[in-house]
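When reading the values below, keep in mind they use all heavy atoms of this one structure, side chains included, and skip hydrogens, waters and symmetry mates. First the proteins, then the strands, lettered A, B, ... as listed; each starts at 1.
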Amino acid sequence: MKSEPFKYSWDDLVSEGEGTWDGVRNHRAKNNLAAMEVGDQAFFYHSREGLEIVGICEVSVAGITDPTDPEGKWAAVKVKPKSKLPCPVTLKQVKAEPKLADCELVKYSRLSVAEIKADEWSIICSMAGI
DNA sequence: GCCAACGTTGGC
DNA sequence: GCCAACGTTGGC
């Protein structure tokens, strides 16, 4: 899950305890949101500034409709911060890893919610020092 | 600040 | 229903 830190950063999520992931207006991203279940984990990525994965959050509420959408067509989830990465993983590192060349974060850089596959997850975790 | 990628819009 | 024009996003 990507966010611009000057709009909503990892620290903001930590201080609030729980955050609603809404405002997504892209169908692919929406599908990814809709596929999430309670307990699923997600990386928190800082876009525009930082350009790195900084932490892991966990879905606390899934399958809700976006409160910012008057038509109720778009999806949203709520997430809680789980842990901060021992070493943040930068976009540069992700791009430099051939095994991650096909991940949505690289392929569809404009996607605000990108899918991370199980093997990609463990690769990034080991890069993060977990 | 620039540009590539992508989505949306509107004329036909 | 196609496609050119335009707007937005995000990395550089």
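Put simply, NZ on A/K2 is 12 Å from C1' on B/dC6, counting in whole angstrom units. Spacing between atom CZ of A/R110 and atom C1' of B/dC3 amounts to 12 Å, rounded to whole angstrom units. Taking atom CD of A/E49 as the reference point, atom P of C/dG10 lies 13 Å away to the nearest angstrom. Here the P atom of nucleotide C/dT9 and the CD atom of A/E104 are 19 Å apart, to the nearest Å. Between the P atom of B/dA5 and the CG atom of A/L105 lies a distance of 17 Å, rounded to the nearest Å. Spacing between atom CD of A/E4 and atom P of C/dT9 amounts to 8 Å, rounded to whole angstrom units. Distance A/R25 CZ to B/dG7 P: 16 Å, rounded to the nearest Å. Rounded to whole angstrom, the span from the CZ atom of A/F6 across to the P atom of C/dG11 amounts to 10 Å.
Nucleic acid contact class of A/K92 (heavy atoms, under 4.0 Å, all strands): none.
Side-chain nitrogen and oxygen atoms of A/Y45 include none within less than 4.0 Å of the OP1 or OP2 phosphate oxygen of C/dG10. For C/dC12, the OP1/OP2 oxygens have a side-chain nitrogen or oxygen of A/K95 closer than 4.0 Å.
Between A/W21 and A/F44, the ring centre distance stays below 6.0 Å.
The side-chain heavy atoms of A/H46 and A/E4, taken from C-beta on, include no pair separated by under 4.5 Å.
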Q: Any chance you could lay out the salt bridge (charged side-chain N to carboxylate O under 4.0 Å, His left out) test for A/E104 and A/R28, step after step, and finish with the verdict?
A: CA-CA 10 Å; A/E104 286 195 347; A/R28 197 184 186 103; 3.1 Å; yes
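Closest to the side chain of A/H27, from the set C/dG11, C/dT8, B/dT8, is B/dT8.
When each of A/K107 and A/R48 is assigned the nucleotide of DNA chain B bearing its nearest heavy atom, the one mapping closer to the 5' terminus is A/R48.
Residues A/S60 and A/E18 bring a donor and an acceptor atom of their side chains to less than 3.5 Å of each other.
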